[in-house]
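What follows is a single structure, written as structure tokens, with notes after it.
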Amino acid sequence: ERQRYPEETVNIIKSAFTGGVVGWLYGGVPAFHHARKAFIEGSHGELFQNRADAVQSAHRAGLRSFIRYGWRWSWRVATFVTIFNTVSTGLSVYRNKTTISNFASAGAFTGALFRMHLGLQGLAGGIVFGTAIGIPAGGLLMVMQKLAGETLQEKRNRERRELYEQKLAEWQSRLSVTEVLGQTEGNAQGGPEMERARES
């Protein structure tokens, strides 16, 4: 209706991107340091043209590990965050309220989805792990919304009310224009009839 994406969808996309960046850093930075250290320890017998060549080779080894392991963590964290936020946002929109149980359910669903391939024990562990992560994450999001002064539901309800009032005002202005046109048309038709009556 407002010719833009809903704020919930934008928030899911932003959180997926942020999760991907955080996952990349979480997996890539330790891998970079470990690969660089392993390269330095394993290259004592190699000959390099100069010190800069040796440093560049160590950095290249670290960068390869940063990209490889960073990517592995990045897509997993981004997927986890996206599924979690999609489920919790869907529950919040469906129930028209934000509660900790929405986040706990979203965490349980996402954890179960990620550990489903490990069998029944993995599924149960995923539910417990997801719930354990979902509750504090949901609590943190709710506190941040409270500090912002307006929750998403309150904002959505306010925007709906404003849109309704705007459409009502437009409808009433159109109705008043129609009434004025009707009166003008009636006066225009009534004028010749009155003149004919006077003439006769």
Side-chain angles (χ1 to χ4, degrees), residues 2-43 55-95 97-148 151-153 155-156:
R2 294 176 176 246
Q3 304 297 319
R4 63 179 180 178
Y5 291 110
E7 187 175 356
E8 291 84 0
T9 305
V10 174
N11 288 341
I12 289 170
I13 293 168
K14 285 180 183 176
S15 64
F17 178 77
T18 305
V21 170
V22 169
W24 201 302
L25 293 174
Y26 179 79
V29 171
F32 176 84
H33 290 300
H34 179 71
R36 190 168 172 265
K37 185 178 175 185
F39 180 82
I40 291 170
E41 290 174 358
S43 65
V55 171
Q56 284 180 352
S57 297
H59 280 305
R60 278 195 297 271
L63 189 60
R64 281 192 300 268
S65 287
F66 176 80
I67 292 171
R68 182 183 312 135
Y69 292 103
W71 169 249
R72 287 182 186 178
W73 275 97
S74 176
W75 76 263
R76 288 183 174 113
V77 172
T79 305
F80 188 91
V81 168
T82 302
I83 294 170
F84 175 81
N85 279 337
T86 302
V87 173
S88 65
T89 301
L91 288 171
S92 295
V93 169
Y94 179 74
R95 297 174 68 195
K97 62 181 178 178
T98 303
T99 60
I100 289 290
S101 63
N102 293 350
F103 296 104
S105 301
F109 176 78
T110 308
L113 198 62
F114 266 73
R115 293 293 175 197
M116 184 170 55
H117 67 283
L118 298 175
L120 196 55
Q121 286 181 334
L123 187 71
I127 290 172
V128 170
F129 175 75
T131 304
I133 287 196
I135 291 173
L140 181 66
L141 288 171
M142 289 175 69
V143 167
M144 287 171 56
Q145 286 180 4
K146 293 279 186 196
L147 292 176
T151 65
L152 285 176
Q153 275 72 32
K155 185 175 183 180
R156 191 181 313 118

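Bear in mind that the values here come from a model prediction, so they are computed numbers and not experimental data.
- Looking at every heavy atom in both residues, G138 comes nearest to I100 through C-CD1, 4.0 Å.
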When the side chains of residues 67-83 are checked against the rest of the protein, which donor-acceptor pairs come out under 3.5 Å, sequence neighbours left out?
{"residue": "S74", "atom": "OG", "partner": "G20", "partner atom": "O", "Å": "2.9"}
{"residue": "R76", "atom": "NH1", "partner": "R72", "partner atom": "O", "Å": "3.3"}
{"residue": "T79", "atom": "OG1", "partner": "W75", "partner atom": "O", "Å": "2.6"}
{"residue": "T82", "atom": "OG1", "partner": "A78", "partner atom": "O", "Å": "2.7"}

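- When all heavy atoms of G134 and F84 are compared, the pair lying nearest together is CA-CE1, 3.7 Å.
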Contacts table for residues 27-40: side-chain donor-acceptor under 3.5 angstrom, sequence neighbours left out:
none

Could you pull out every donor-acceptor pair under 3.5 Å between side chains of residues 110-133 and any protein atom, sequence neighbours left out?
{"residue": "T110", "atom": "OG1", "partner": "A106", "partner atom": "O", "Å": "2.8"}
{"residue": "H117", "atom": "ND1", "partner": "F114", "partner atom": "O", "Å": "3.3"}
{"residue": "T131", "atom": "OG1", "partner": "I127", "partner atom": "O", "Å": "2.7"}

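- Within a 6.0 Å radius of CZ in F109, other residues, nucleotides and ligands contribute 12 heavy atoms or fewer.
- In this structure a side-chain-to-backbone donor-acceptor pair under 3.5 Å is present from S15 to I12.
- Here the OH atom belonging to Y94 is positioned 12.0 Å from the CG atom belonging to N102, to the nearest 0.5 angstrom.
- Atom OG1 of T98 and atom CE of M142 lie 6.5 Å apart (nearest 0.5 Å).
- Within the 3.5 Å criterion, the main-chain N or O of G62 finds no donor-acceptor partner in the side chain of S65.
- Between atom CG of residue N11 and atom CG of residue L141 there is a gap of 9.5 Å, rounded to the nearest 0.5 Å.
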